[in-house]
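Let me begin by presenting the structure, written as structure tokens, before commenting on it.
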Amino acid sequence: IRGQRQRGAGLRVDNSVGVYLDNINIPRTFGLSNALLDVQRLEVLRGPQGTLYGRNTTGGAISMLTMDPTEELGGSLKVEGGDYDLLRATGIFNLPLGDRAGLRLVGNLSQRDGYGEDALGRDLMDNDSQYIRGVFTADITDELSFRLSGAHYENDTGGQINGIIGLAEFPSLVAFVGGLQAGLNPIQATEVFEEYIAAHKSDPYEAHGTFEGVSDVETNHWSMAVDWALSDSLSFVSYTGYNNFDRKNNFDQEGTPFEIVSPVFFSDADFFSQEFQLQSAHDTIDWVAGIYYSKEEGNEGQEPRIFGNPLFSAYTDAENTSAALYGQANWHFSEFWTLTAGARYTEDKREVKNLVTDVKQSETFTEPTGLLSIQYMASEAVMFYAKAATGYRAGGFNAVSEFDSETGLELELGVKSDLFEDRVRLNVAAFHTDYDDIQRGVTKFVDGTLLSLTENAAEATIQGIEVES
């Protein structure tokens, strides 16, 4: 979003685009595409989020809200089939439980043979996934409501289809290490590889690797929301969330029987969050104030392998905690004008322990962020606005170094409109964002070892114009 993107799954860095499922932040987004089944709406918030969605979101936020149970008994079933023995089934079941409660179940099953095979006949790029979600709601009293949601996802595949289609100008790295394995010099190794490539590059879905490639993921999500109307204008809201994941990835990087490069990655983590809000609505002012806490504990490891042997081993325990206070208010100071102001103070603590060297690192990052905007309703269908917002993403640790927090300041002007009796929607926005210590992923050699690292790239400016229709 606006030049910022998800960077992967590592536990030692947060993504610049926050993802929320039923108002719960999801720091590691494995399997969340299935959450798009049976949704109420999908909200995309662009740019740094200084207050309500301000947990480490310098690029923006995506909020997915799933369907609640309805008052009618019903359901649906959709079954699909296709090439490669594809079988996909999606089911929805809605069950009212009296006048004040309900249950809604959603499930998805997807199976497909692989697009290719390795040298031992094992499927590659196949798919075997299951997803199930349940939502229970209850109006305990006229003032107190409750919502509980849980989801489980599993996905197992046979890894990627990789192959070599050519060699770089001699001496290439592949030829060099392949030559070492075969006991050849680089010139002889190059000739062997060129003969191999000429014989095997015709079919893009054919791989000849012998190292087993797998990509296995399992996730669980739980959330609970409580809404208590304390008065006609004041409500107390609680959001409690828990999610965990377990994943393993093996890759035959070059897809040849020489087993030159075959990395192994694995990670698992548990994440808990709790958020309390007070929400108030009046004729001229509405506001929200809240407190947030989260804790993530997990471990991850990698073993880049050369000739089947680990080049090095990296095993890490990580613990991330975050706490914040925030508030935001809208002042409707006339029939057409609204002024919005908000502020947030966040404290993040990161702890990392290298299980190979037994070295432990710990650092605390703090940052105030905020939002100021003004809106003008030219009519019921056209709204102009101007906004200034700051965002923050905590720093952290690499395997061999650390990096600082990233901050951003964005200025935005825009118009949102529904024209021609709501038949045409036209939104236009111009934005300018200045980042300090922007975090970027780099790959480079450190003490002779090729590593993927997060580093600060000093200052950066991202600007543009967006048009939606």
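Heavy atoms only: backbone and side chains are in, while hydrogens, waters and symmetry mates are out. Values in this document were obtained by computation on a predicted structure and should not be read as measured data.
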Nearest heavy-atom neighbours spanning H282 and S233
CE1-OG, 3.5 Å
May I ask you to decide if the ring planes of W331 and F333 are parallel, tilted or perpendicular, using 30° and 60° as cut-offs?
tilted
Heavy-atom closest pair, residues V135 and T66
CG2-OG1, 4.3 Å
Check this for me, if you would: do K387 and E412 make a salt bridge, where the nitrogen-to-carboxylate-oxygen distance has to be below 4.0 angstrom?
yes
Please check: side-chain N/O of N456 versus main-chain N/O of D404, any donor-acceptor pairing under 3.5 Å?
yes
Any side-chain heavy-atom pair from R104 and N94 closer than 4.5 angstrom?
yes
Side chain to side chain, I24 and S273, heavy atoms closer than 4.5 Å
yes
Between T240 and Q274, is a side chain to side chain donor-acceptor pair (under 3.5 Å) present by the stated rule, with each step listed?
CA-CA 5 Å; T240 306; Q274 177 63 60; 2.6 Å; yes
Separation between OG1 (T338) and NE2 (H332), nearest 0.5 Å, reads 5.0 Å
With side-chain contact (heavy atoms from CB on, under 4.5 Å) as the criterion, how do N320 and D348 come out once you've worked through the C-alpha distance, each side chain's angles and the decisive distance to 0.1 Å?
CA-CA 7 Å; N320 305 314; D348 287 289; over 6 Å; no
Is it true that a side-chain atom of N250 and a backbone atom of G159 form a donor plus acceptor pair closer than 3.5 Å?
no
Specify the closest pair of heavy atoms between L65 and D22, including all atoms of both residues, with the distance to one decimal.
CA-OD1, 3.5 Å
Any chance you could lay out the side-chain contact (heavy atoms from CB on, under 4.5 Å) test for E367 and T346, step after step, and finish with the verdict?
CA-CA 6 Å; E367 189 73 26; T346 303; 5.6 Å; no
For F245, the option from F266, F30, Y153 that meets ring pair (Phe, Tyr, Trp, His ring centres under 6.0 Å):
F30
Has R28 got its NZ or CZ under 6.0 Å from the middle of the six-membered ring of F271, at an angle within 45 degrees of the ring axis?
no
Do other residues, nucleotides or ligands put more than 12 heavy atoms under 6.0 Å from L36 CG?
yes
Is it the case that D434 and T461 place a side-chain donor and acceptor less than 3.5 Å from each other?
yes
Between the side chain of N162 and the main-chain N/O of D252, is any donor-acceptor distance below 3.5 Å?
yes
Could you grab the distance from atom OH of Y326 to atom CD of Q49, nearest 0.5 Å is fine?
13.0 Å
Is a side-chain donor or acceptor of E300 paired with a backbone partner of L11 at a separation under 3.5 angstrom?
yes
Answer whether the closest heavy-atom distance between the side chains of Y292 and R344 falls below 4.5 Å.
yes
Is a donor on one side and an acceptor on the other found under 3.5 Å between the side chain of S417 and the backbone of L419?
no
Min side-chain heavy-atom separation T137-S145 under 4.5 Å:
no
Is there a donor-acceptor pair closer than 3.5 Å between any side-chain N or O of R112 and the backbone N or O of L86?
no
Taking all non-hydrogen atoms of both residues into account, name the closest pair between G396 and F365 and its distance.
N-CZ, 3.7 Å
Could you measure the distance from the CZ atom of F403 to the CG atom of L453? Nearest 0.5 Å is fine.
10.0 Å
Take S223 and H221, measure what side chain to side chain donor-acceptor pair (under 3.5 Å) needs, and give me the verdict at the end.
CA-CA 7 Å; S223 66; H221 300 285; over 6 Å; no
When you compare the side chain of L42 with that of I62, does any pair of heavy atoms fall below 4.5 Å?
yes
Pick from R46, Q439, E406: which one makes a side chain to side chain donor-acceptor pair (under 3.5 Å) with Q4?
E406
For the pair N330 and W287, evaluate side-chain contact (heavy atoms from CB on, under 4.5 Å) and give the outcome as yes or no after the intermediate values.
CA-CA 6 Å; N330 301 313; W287 56 267; over 6 Å; no
Trace of the side-chain contact (heavy atoms from CB on, under 4.5 Å) decision for V79 with L87
CA-CA 7 Å; V79 180; L87 173 63; 4.0 Å; yes
Quick one: OG on S16 to CD1 on I1, what's the gap to the nearest 0.5 Å?
8.5 Å
Under a 3.5 Å distance rule, please check whether R133 uses its side chain to pair with a backbone N or O of S149 as donor and acceptor.
no
Looking only at atom types and distance, does a side-chain atom of N427 sit under 3.5 Å from a main-chain N or O of E468, one as donor and one as acceptor?
no
Any donor-acceptor pair under 3.5 Å linking the side chain of T390 with the backbone of G50?
no
State, yes or no, whether a side-chain contact exists between T364 and E347 at a heavy-atom distance under 4.5 Å.
yes
Is the closest side-chain heavy-atom distance between V226 and F236 below 4.5 Å?
no
For V217 against R247, the heavy-atom pair lying closest together:
CG2-CB, 3.9 Å
Crowding at CD, E71 (>12 non-hydrogen neighbours, <6.0 Å)
no
I would like to know whether S215 and N249 meet side chain to side chain donor-acceptor pair (under 3.5 Å); could you show each step before the answer?
CA-CA 5 Å; S215 180; N249 295 86; 2.9 Å; yes
In the structure I gave you, are the side-chain heavy atoms of I438 and T58 within less than 4.5 Å of one another anywhere?
no
Let me confirm one number: the OG1-CZ distance from T369 to R393, rounded to the nearest 0.5 Å.
14.5 Å
Take E410 and T433 through the test side chain to side chain donor-acceptor pair (under 3.5 Å) and record every step on the way to the result.
CA-CA 4 Å; E410 181 174 82; T433 311; 2.8 Å; yes
Scanning both residues in full, the closest heavy-atom pair of W228 with L144 reads CB-CD1, 3.7 Å
From N243 CG over to E296 CD, what is the distance, rounded to the nearest 0.5 angstrom?
8.0 Å
